[in-house]
Amino acid sequence: MDQTPTFQWANEAIPLSLPSKFILPNPIRPDRTCVSHLYSIPIIDMGTDNEAQLIQGITSACKGFGFFQVINHGIPLELCKNVLDMITKLLHLPYEEKSHLVTTTHLEDGKIFKYYVKDQQTQEKISMWAESFFHTWHPHDHGFTHNLPNNPPQYRSVIATYATEVGSLIAKLLGLISRGLGLERDYLKKKLRENLSYTAQANYYPPCPNPELTLGLPAHTDSKVLTILLQEEGVTGLHVLKDGNWVAVDPVPGALVVNVADQLQILSNDRYKSVYHRAVTNEEKKRVSLAMFVGPNHDTVVEPIEELIDENHPALYRRYTFGIGVSTGGQGQMKNH
Ligand SMILES: O=C(O)CCC(=O)C(=O)O
Ligand SMILES: [Fe+2]
């Protein structure tokens, strides 16, 4: 039984100083790493009529940053707000009411998990200052909502509506990304056998007494194909690695953050990069985000796209079956979704 001071479930009072089990070793503390304000990730207007320009913008963002924000994406902003509100309500429930959802098993469907990293020297687990609610989803088959909590009462219906909207956005983005790679619009969809797997992670970062000593999520890349991240406005927490510096991704009102994940890097034979990112915490404000991941199915074969390989661009990855090739790493450590 873990006797160290409890984390801070979202609804608990914040302690005056950070309990030791959250304190990261020096080299990976966020205050030790440089945060650059020289760059910001590209903002792409999905509402444009100029598709050639849209494809060009997405292509250059996938090559340069591996991240971009989309505006005029077609998902009602009111719905996005409701999603973040539902997540906040869920994680604000008294611990007794949500304890049945809490797990120590990584990636359990419909469960709340707390990430940790292992101290390289002592092998001790260091907890992240966050709660993450993980579940599967599907754009059309809303049966997945039975694995979601029924309190708050609208949680299931709000996430179901959002899932359909995000599904359409993903379909559109996969088409534009395919075109940007010089391929037919439905290439990636077909390559992934139209048989995609969908997972989601809602993250809640309570205010933290010493944000310089801990993280909300450690540096990681996402393991699927594409991630669509909805983040709360008015508080910055996401950092993206660019040329060795961390770049803060300030929320743009109404925008969603899109990032290339590992399988798209492999499919594109490294034309596009799956980039390290992390979440930092904040002294005054809580922060909420929802990452919607789309990836290959367990039995889908992944390999660099044939059309992108020639003498000058030899295949950089071997062919493998997604469910076998993906290493989950240590339980609860990042590489995860
Ligand atoms: O909260 C964030 O901004 C980052 C979330 C994230 O990277 C993830 O859930 O994989
Ligand atoms: Fe991530």
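What you see is a predicted model, and the numbers here were worked out from it, not measured in a lab. Counting starts at 1 for both ligands and their atoms, following the listed order.
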> Are any side-chain N or O atoms of K190 and backbone N or O atoms of E184, one a donor and one an acceptor, separated by less than 3.5 Å?
Replying inline: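 Not a single qualifying donor-acceptor pair exists.
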> Just by modelled atom types, is the G254 backbone N or O under 3.5 Å from a matching donor or acceptor in the H73 side chain?
Replying inline: yes
>> Please classify the L217 to ligand 1 contact at 4.0 Å (heavy-atom distances, strictly less than): side chain, backbone, both or neither.
In response: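 Near ligand 1, L217 shows its side chain, while the N, CA, C and O stay back.
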> Under a 4.0 Å heavy-atom limit, does F293 contact ligand 1 with its side chain, its backbone, both, or neither?
Replying inline: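 F293 to ligand 1: side-chain contact only, backbone stays beyond 4.0 Å.
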> Which of the N/O/S atoms in D222 sits closest to the Fe ion (ligand 2)?
Replying inline: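 Looking at D222, the N, O or S atom with the least distance to the Fe ion (ligand 2) is OD1.
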>> Is there a polar contact between ligand 1 and N203, counting only N or O atoms under 3.5 Å apart?
In response: yes
>> Using the Fe ion (ligand 2) as the vertex, how large is the angle between NE2 of H277 and NE2 of H220, rounded to 10 degrees?
In response: 90°
> Does the ring-ring contact (aromatic ring centres under 6.0 Å, His included) test come out yes or no for H277 and F67, once each step is laid out?
Replying inline: CA-CA 10 Å; H277 54 284; F67 268 80; 5.2 Å; yes
Any atoms of ligand 1 less than 4.0 Å from a non-hydrogen atom of [X]? List them with their elements.
| X | answer |
| --- | --- |
| L229 | 3 (O), 5 (C) |
| Y205 | 1 (O), 2 (C), 4 (C), 5 (C) |
| R287 | 1 (O), 2 (C), 3 (O) |
| A291 | 9 (O) |
| D222 | 10 (O) |
| H277 | 7 (O) |
| S289 | 1 (O), 2 (C) |

> Just checking, is any N or O donor in the side chain of Q265 or Y317 under 3.5 Å from an acceptor N or O on the other one?
Replying inline: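 Short answer, yes.
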> Is H220 near ligand 1, meaning one of its heavy atoms is under 4.0 Å from it?
Replying inline: yes
>> Determine whether K191 and E303 satisfy the following criterion, salt bridge (Lys or Arg N to Asp or Glu O under 4.0 Å), listing intermediate values before the conclusion.
In response: CA-CA 10 Å; K191 180 85 189 164; E303 62 189 327; 3.2 Å; yes
> Is there any ring-ring contact (aromatic ring centres under 6.0 Å, His included) pair reaching into residues 164-201, and which pairs are they, with sequence neighbours excluded?
Replying inline: W137-Y198, H138-Y198
>> Is it true that, when you exclude N312 itself, more than 12 heavy atoms of the residues, nucleotides or ligands shown sit nearer than 6.0 Å to its CG?
In response: yes
> Apart from I71 itself, which Ile, Leu, Val, Met, Phe, Trp or Tyr residues share its cluster (side-chain heavy atoms under 4.5 Å, direct or through members)?
Replying inline: I43, V252
> Between F65 and K242, is there a cation-pi geometry (under 6.0 Å to ring centre, at most 45° from the normal)?
Replying inline: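 The answer is yes, since K242 meets both limits relative to F65.
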